[in-house]
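Following: one structure in structure tokens, then a few remarks.
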Amino acid sequence: MHDAGHKDVARLVTQKSIVLLKNTGNLLPLNKTTIKSIALIGAKADSVSLDWYSGTPPYKISPRAGIMTKIAGTSITVSYAADNANNAAATAAKASDVAIVFAGNSPVCNAGWGSCPSPSEGKEGIDRTDIVLQADQEALIKAVYQANPKTILVFVSSFPYAIVWEQDSLPAIVHMANNSQEMGNALADVLFGDYNPAGRLNQTWPSALSQLPTMMDYNIRNGRTYLYFTGSPLYPFGYGLSYTTFTYANLATSASGIDAKGQITVSVDVTNSGTVDGEEVVQMYVKHMNSAVTRAIKELKGYSRVAIPAGKTQTVTLPLAGKDLAYWDSTNATWTVENDNVQIQIGASSADIRLNATLAVTNGGPVSIEEKEGGPSENPAMNTTFSALSAAQIVRRGPSIGLQFRLCAAADVDLRVFDLRGVCVGQVSRKKLAAEYTLLNCKRPL
């Protein structure tokens with residue numbers, strides 16, 4: 001059963017997640033009154049890819065179906081080619097006013113368990129070994145672009161790709177994820193301007209695999225994520241465009257400094273300086289200026305997605321607590337805030353900082369930080385401080401194999417360990433554990 005309310009929610013979530021990566025010459029949004037023909041290219045144009053964990057939706061709207069619904073009642077003609085066999089894709093693109101080519105990954109690699117033919121794809125149990133687009137997909141995109149320079153790439157993927165040629169060459173690129181039952185309708189809303197995209201990338205997209213540490217190097221400080229990445233990415237963390245523009249002004253803080261045990265409010269005026277209503281994702285980063293320990297280049301500490309009509313200004317406020325500036329002091333096993341100077345950075349992405357202000361942090365020292373998943377529990381016994389793992393590794397002792405983990409400090413633990421088939425192979429239930437514990441060959445609760 002799927003009523004209109006459920007459909008609306010699925011459509012809205014999908015709309016909000018779509019990211020506009022490039023839009024040279026304002027090719028997007030498409031104008032239904034001036035466009036006469038569209039070529040849809042690529043098998044993903046006529047499908048909705050599902051993952052093992054996506055469930056089975058009651059219906060699926062493919063991009064092709066959504067676009068056909070969107071242009072119903074117009075004189076626009078649509079041609080479709082799944083690939084370029086017999087030059088079908090190039091022919092369709094050349095005969096059309098605009099070409100929309102679809103590419104991306106299969107969430108299950110178009111293969112069974114334990115198999116993934118493409119090194120650029122991955123799934124549970126199989127790591128990616130490359131991040132370039134598969135050769136056949138890139139050849140298809142290039143053939144379409146050569147036939148029609150007004151080519152829009154709709155990139156449907158579960159993870160970043162180094163689509164360098166596409167970014168350099170194509171006039172417009174839209175990114176969205178797999179799995180949505182309302183994929184086609186939401187995409188059509190964005191392509192034709194009925195919804196102004198405001199999605200932002202939640203990952204750094206490298207321009208090449210060489211920009212990343214080796215696969216088995218798990219130290220985040222060795223260049224992983226926007227926190228420690230020092231190269232020039234293809235797309236930075238927090239990136240995303242709009243059909244309108246926004247300007248920032250009047251950065252202000254509620255106090256001249258930050259008390260380690262207090263909180264301030266950061267405010268900024270954001271103006272929609274374009275001609276289309278839209279949403280902006282205002283992002284607040286913090287950079288430590290004089291830390292005695294290694295800190296990230298910058299850290300996202302708050303954001304707000306705000307809808308602003310064209311020509312209007314809205315004051316956006318973001319809270320910043322002193323404890324948000326803490327680091328884990330492994331020597332003393334406590335969260336600690338330094339007496340430091342921090343730079344508050346406000347912008348549209350991690351690489352697009354518009355305004356900044358430097359403030360002093362005072363009254364530093366240990367602070368209490370509680371992290372509760374899902375908010376307060378109805379069971380008081382479950383309202384306990386979460387202690388994160390500081391290290392974990394698979395260990396073998398004789399014929400037994402298990403998991404050895406180290407906590408930041410001794411804690412009450414409720415832990416379950418699952419294998420890749422989803423079978424629980426070990427469990428610790430509400431037990432006080434020391435800072436180091438080994439779970440070996442356990443098939444039932446301890």
Side-chain angles (χ1 to χ4, degrees), residues 13-14 17-22 40-57 60-64 66 81-84 89 100-145 151-167 169-170 172-184 186-187 190 199-209 211-212 215 225 233-235 237 239-240 420:
V13 169
T14 310
S17 69
I18 295 175
V19 184
L20 180 63
L21 296 177
K22 186 178 181 182
L40 300 180
I41 310 297
K44 293 183 80 67
D46 202 30
S47 66
V48 176
S49 298
L50 299 178
D51 204 340
W52 288 322
Y53 302 104
S54 62
T56 303
K60 294 183 291 184
I61 307 296
S62 71
R64 183 182 181 185
D83 52 40
N84 202 30
I100 306 175
V101 59
F102 291 75
N105 77 296
S106 161
V108 295
C109 299
N110 286 319
W113 177 262
S115 176
C116 197
S118 171
S120 293
E121 295 193 339
K123 59 185 178 185
E124 182 180 348
I126 299 181
D127 292 324
R128 305 170 73 197
T129 57
D130 209 340
I131 60 173
V132 297
L133 188 60
Q134 294 90 320
D136 59 334
Q137 293 196 57
E138 185 147 295
L140 177 63
I141 297 170
K142 289 180 176 180
V144 172
Y145 176 68
T151 292
I152 300 162
L153 171 62
V154 176
F155 200 66
V156 187
S157 72
S158 310
F159 28 62
Y161 274 84
I163 49 172
V164 177
W165 180 89
E166 288 74 11
Q167 171 62 24
S169 306
L170 303 182
I173 305 175
V174 172
H175 176 261
M176 65 189 310
N178 290 290
N179 296 335
S180 171
Q181 62 201 49
E182 282 286 338
M183 178 183 185
L187 176 63
V190 168
R200 299 295 183 264
L201 295 180
N202 61 3
Q203 294 171 288
T204 299
W205 284 41
S207 60
L209 188 63
Q211 290 187 322
L212 297 173
M215 183 180 294
T225 78
L234 180 64
Y235 304 115
F237 173 83
Y239 175 81
L420 292 178

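What you are looking at is a predicted structure, and each value in this text was computed from that prediction instead of being measured. Hydrogens, waters and symmetry mates play no part in the numbers below; they use all other heavy atoms, side chains included. Position 1 is the first residue of the sequence; numbering continues from there.
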Looking at every heavy atom in both [X] and [Y], which two are closest together, and how far apart are they?
{"X": "L140", "Y": "G42", "value": "CD2-CA, 4.1 Å"}
{"X": "P63", "Y": "L187", "value": "CB-CD2, 3.9 Å"}
{"X": "I141", "Y": "L153", "value": "CD1-CD1, 3.9 Å"}
{"X": "Y161", "Y": "S120", "value": "OH-O, 3.4 Å"}
{"X": "G122", "Y": "C116", "value": "N-SG, 3.9 Å"}
{"X": "T204", "Y": "P233", "value": "CG2-CB, 3.7 Å"}

Any donor-acceptor N/O pair, [X] side chain to [Y] backbone, under 3.5 Å:
{"X": "K142", "Y": "E166", "result": "no"}
{"X": "K123", "Y": "W52", "result": "no"}
{"X": "D83", "Y": "A43", "result": "no"}
{"X": "S169", "Y": "W165", "result": "yes"}
{"X": "N84", "Y": "A89", "result": "yes"}
{"X": "E121", "Y": "P117", "result": "no"}
{"X": "K60", "Y": "Q181", "result": "no"}
{"X": "S47", "Y": "S49", "result": "no"}
{"X": "N105", "Y": "S158", "result": "yes"}

Tell me, with the steps shown, if L201 and L21 meet side chain to side chain contact (heavy atoms under 4.5 Å, CB included). CA-CA 9 Å; L201 295 180; L21 296 177; 4.0 Å; yes
Let's go through V101 and Y145 carefully: what are the C-alpha distance in whole Å and the side-chain angles of both, what is the deciding distance for side chain to side chain contact (heavy atoms under 4.5 Å, CB included) to 0.1 Å, and is it a yes or a no? CA-CA 9 Å; V101 59; Y145 176 68; over 6 Å; no
Just checking, is any N or O donor in the side chain of Q167 or Y235 under 3.5 Å from an acceptor N or O on the other one?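 The answer is yes; a qualifying pair exists.
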Run the side chain to side chain contact (heavy atoms under 4.5 Å, CB included) test on I152 and I173 for me, step by step, so that the C-alpha distance in whole Å, both residues' side-chain angles and the decisive distance to 0.1 Å come before the verdict. CA-CA 6 Å; I152 300 162; I173 305 175; over 6 Å; no
Approximate separation, where rounding is to 0.5 Å, of [X] [atom1] and [Y] [atom2]:
{"X": "M176", "Y": "L20", "atom1": "CE", "atom2": "CG", "answer": "13.0 Å"}
{"X": "S207", "Y": "I163", "atom1": "OG", "atom2": "CD1", "answer": "11.5 Å"}
{"X": "N178", "Y": "S106", "atom1": "CG", "atom2": "OG", "answer": "7.5 Å"}
{"X": "D46", "Y": "R64", "atom1": "CG", "atom2": "CZ", "answer": "4.5 Å"}
{"X": "I131", "Y": "L234", "atom1": "CD1", "atom2": "CG", "answer": "9.0 Å"}

Ring centres under 6.0 angstrom apart (W205, F159):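 Not under 6.0 Å, so no.
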Describe, in one word, how the ring planes of H175 and F155 are oriented to each other, choosing from parallel (under 30°), tilted (30 to 60°) and perpendicular (over 60°).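 Plane angle between 30° and 60°, so tilted.
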With heavy-atom distances below 4.5 Å as the criterion, would you say the side chains of M215 and D127 are in contact?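 Heavy-atom side-chain distance check passes, below 4.5 Å.
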Cation-pi check, R200 onto F237 ring (under 6.0 Å, within 45° of axis):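 No; the conditions do not both hold, so R200 does not lie above the ring face of F237.
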Hey, mind stepping through D51 and V108 against side chain to side chain contact (heavy atoms under 4.5 Å, CB included) and telling me if it holds? CA-CA 6 Å; D51 204 340; V108 295; 4.0 Å; yes
